[in-house]
Amino acid sequence: MAAAAFSTAAALYAASSALFLVYLAGAPPATARWAARVVGAAAVVHVAYEVLVYTEPGVASAHGIHQTLSTLSLAVVVSYLWIQRRGTLRVVGAFVTPIVLVLLFGARFVRTGGGVPEQVRGALLGVHITANLLGDAALTVAFAAAIAYLLQERSLKTKRLAGSFRRLPPLDVLEAVSTRCVGIAVPLLGIGALTGAMWAMRGGHGWQLTGGQVVGVVTWVLFGVVLLLRLVGGWRGRRAALGTVIGYAGALAVLVSYLVRPGGEG
Amino acid sequence: MRIRVVGLSHRTAPLEVRERLVGRLAEPVPAVRGLVDAIAPSEAMLLSTCNRVEAYLVGPDGATTDDARGYLARLADGRDLAPFLYERTGPEAVLHLFRVASSLDSMVVGEPQILGQVKDAYAAAQEAGTLGPELGRAVPRSFRVAKRIRTETAIAAGAVSVSSVAVDLAEKIFGSLGGRSVLLVGAGTMAEDAAARLVAVGGRLLVANRSPGRAQDLAARTGALVRPWEALEAALVEADVVVCSTAAPEPVIRRPLVERVTRSRRRRPLFFVDIAVPRDVEPDVHQLPDVFLYNVDDLQQVAADHARERSREAEAAEVIVREELSAYDREMQTLEVAPIIAALRSRLDAVAAEELARTAARLQGLGPEERAAVEAMLRATVSKLLHAPIQSLRDTAGSERGEELASAVRALFGIGDSEKDR
């Protein structure tokens, strides 16, 4: 049952991704509306999949970091559905849905790390995971908006205004949504890092950081700096968008380090 | 389809002819009433825009359109309009109406105003009471066709004039222009036009000109705020869009100035629209981060690209128009046989009711339930008997075979013309 829900959600995300690409290539506006509707339908099936995975007997072993990837992809989709509700940012789905698909397939097929041992679970771990999930979801949307910004800015600079130019939102709108999402992500990831450190200390790991945790802290600091520069240093436009993209690459590095580490603990 | 259209447009008549007619048709309701009073068609609608004057008519062949030609010539003070007038009849007239409403016959293909103008003409004809069943169906259908084309094609995408391209680009940088400042550097007519369009979508207008007198004149006409020429740098910091059109032989806005300005603006984007020849803004400025510079050639190139795209979309739109015309034609043909079908059904229903009454009188013991069952059986029998002939009448409507079948039905079932028209 869970497998069927997973396949349906993945197929719907793939379909919406294809529809968004067709729309960017010049298909009529109705295509983007349908693409967003398909994302909505996929999200409903995705929620059903999450419920099944966490409640179905025998599937509980999936509660590890890999399943967290699926939950993260759902959080990304919900964040996207929230920002696109007025229509202007609908096409950002063209950049969000491929990431969602990668995360979803990562949840399903990458099987290198294990789950968190029962004895070290607790409320702190819950806060750590939730804050990181929501922070990463906000970062993903910021990243998608930053990519759209860079494409749009490039079209305006090169004066090639055909194709996706007319389909993508205005620069100012993309910049605003990217800044807002980074503004949400930084404190959440800060909470995630803090609770992670506290949890590690309580678990007897002390203050010794793993490679992934170091990258995580560096990414968080980098995003904090990007946010600070945006808010008070007058960093805007292309530089801010590039900062967001680089920061997101760091966040992905953290995620990969979680996936490939031998113990599978956070 | 008995619709006819007689008219002239930007394709057939020069402006001096069009403006003379348009001036006489400024009040749409009296204008369409005047047309009906003059030539007495059974239905009429008058479409009058700066690019076309067209009379859509339903009435006797020949005479109506000749009368319409005479009426339009009288409006043009007796000028011979024959070389400028065109005429379409039946399906060609409906096709023309669909194309006009969808902006496929417009000077700028895809422009949105024409649909509103056709709607206004329809509303005026409604108010004047000059619509009937044919125009009453064809014109609203043209609205649907236009809407479908706008939804399914990109015919209206992309601006096709220099000013509207500037507005489009500004909106792609800033989103809404509400609360943004548009600085006019120089007071040329072209720049004023572009600035007026930017202000129309919400921008606040500032003007800086070497000659304060011209700046004051422009401010008085447009409500712009005047900024001294000596304070151009401060004005650039304040502005979001800068429209340049001075007559200076050298650039008046150079890269070092814009570098200082962008620092003071804390990197807020700055959009230069340079429509001056020679250019007012040093081309290097476009290389600066968060600064966008488009000169008149760039804008014209974009406009030309958009016009080409619209032409490609127009081909897809023409296919939709043809599809809609076929669908409309089928509906109208079905409507033509509707009175015969209604009369045929009514005749057989009457026979069934008569026979039921006669039989019921003989069968005194028939209870309400049994009577209802017999009635239902009779209705079902009539419906089943009529199904095949009605389907044949609908399928062949509008064809020679359809005419033969309709005549046969009228003869076989004794349906007269008056009964058919009920």
Side-chain angles (χ1 to χ4, degrees), chain A residues 22-34 86-89 91-92 145 148-180 226 228-243, chain B residues 147-159 165 168-180 240-241 262-272 283 285-295 297-306 308-310 312-313 316-317 320:
Chain A
V22 171
Y23 171 66
L24 278 179
T31 318
R33 284 199 292 277
W34 275 107
R86 283 186 195 160
T88 319
L89 290 161
V91 70
V92 172
Y149 183 99
L150 291 172
L151 286 175
Q152 193 70 317
E153 196 256 1
R154 187 179 157 76
S155 296
L156 280 162
K157 279 289 187 190
T158 56
K159 301 184 180 176
R160 291 195 194 113
L161 306 180
S164 62
F165 174 74
R166 282 210 298 272
R167 301 284 194 259
L168 290 173
L171 292 182
D172 210 56
V173 173
L174 291 166
E175 167 129 37
V177 77
S178 192
T179 306
R180 210 175 312 138
V226 168
L228 201 68
L229 285 170
R230 273 178 190 256
L231 295 178
V232 297
W235 251 44
R236 297 178 62 95
R238 185 178 168 77
R239 275 197 295 187
L242 279 172
Chain B
K147 192 178 172 203
R148 190 183 155 198
I149 285 173
R150 282 188 178 267
T151 310
E152 294 182 20
T153 73
I155 195 158
V165 167
D168 260 17
L169 290 173
E171 285 179 334
K172 276 296 184 190
I173 295 168
F174 300 105
S176 162
L177 289 180
R180 303 280 181 182
D240 298 294
V241 182
T262 50
R263 275 197 296 277
S264 304
R265 296 168 58 82
R266 296 171 63 83
R267 307 276 170 202
R268 276 185 296 124
L270 185 56
F271 177 37
F272 286 99
V285 161
H286 188 63
Q287 308 307 322
L288 294 171
D290 307 310
V291 177
F292 305 94
L293 165 63
Y294 279 70
N295 61 39
D297 273 6
D298 298 328
L299 298 172
Q300 277 171 348
Q301 182 61 48
V302 175
D305 289 346
H306 288 170
R308 272 194 297 278
E309 278 178 50
R310 283 191 183 199
R312 280 199 295 274
E313 291 298 316
I320 293 174

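We use all heavy atoms of the structure for the numbers below, so side chains are in, but hydrogens, waters and symmetry mates are not. Chain letters run A, B, ... following the sequence lines, proteins first, then strands; residues in each count from 1.
Heavy-atom pairs under 4.5 Å with chain A were tallied for B/Asp305, B/Thr151, B/Asp290; the largest tally goes to B/Asp290. Taking chain A as the reference chain and counting heavy-atom pairs below 4.5 Å, the highest number among B/Arg268, B/Gln287, B/Gln301 is found for B/Arg268.
A distance-only check finds a donor-acceptor pair linking the side chain of A/Gln152 to the backbone of A/Pro169 [under 3.5 Å]. Within the 3.5 Å criterion, the main-chain N or O of B/Ser176 finds no donor-acceptor partner in the side chain of B/Glu171. Between the side chain of B/Glu313 and the main chain of B/Thr153, no donor-acceptor pair closer than 3.5 Å is present.
Checked for salt-bridge contact, B/Arg265 and B/Asp240 meet the test: a charged N lies under 4.0 Å from a carboxylate O.
There is no contact between A/Glu175 and chain B, counting heavy-atom distances below 4.5 Å. Heavy atoms of A/Arg239 lying under 4.5 Å from chain B belong exclusively to its side chain. Residue contact with chain A, scored on non-hydrogen atoms closer than 4.5 Å, involves the side chain of B/Glu309 exclusively. B/Arg180 touches chain A through its side chain: at least one heavy atom from C-beta onward sits under 4.5 Å away, while N, CA, C and O do not. The contact between B/Leu288 and chain A is made entirely by backbone atoms, counting heavy-atom distances below 4.5 Å. B/Asp298 touches chain A through its side chain: at least one heavy atom from C-beta onward sits under 4.5 Å away, while N, CA, C and O do not. Only the backbone of A/Ser155 comes within contact range of chain B, judged by heavy atoms closer than 4.5 Å.
Of the listed residues (A/Leu174, A/Leu168, A/Val173), just one forms a side chain to side chain contact (heavy atoms under 4.5 Å, CB included) with A/Pro170, and that residue is A/Val173.
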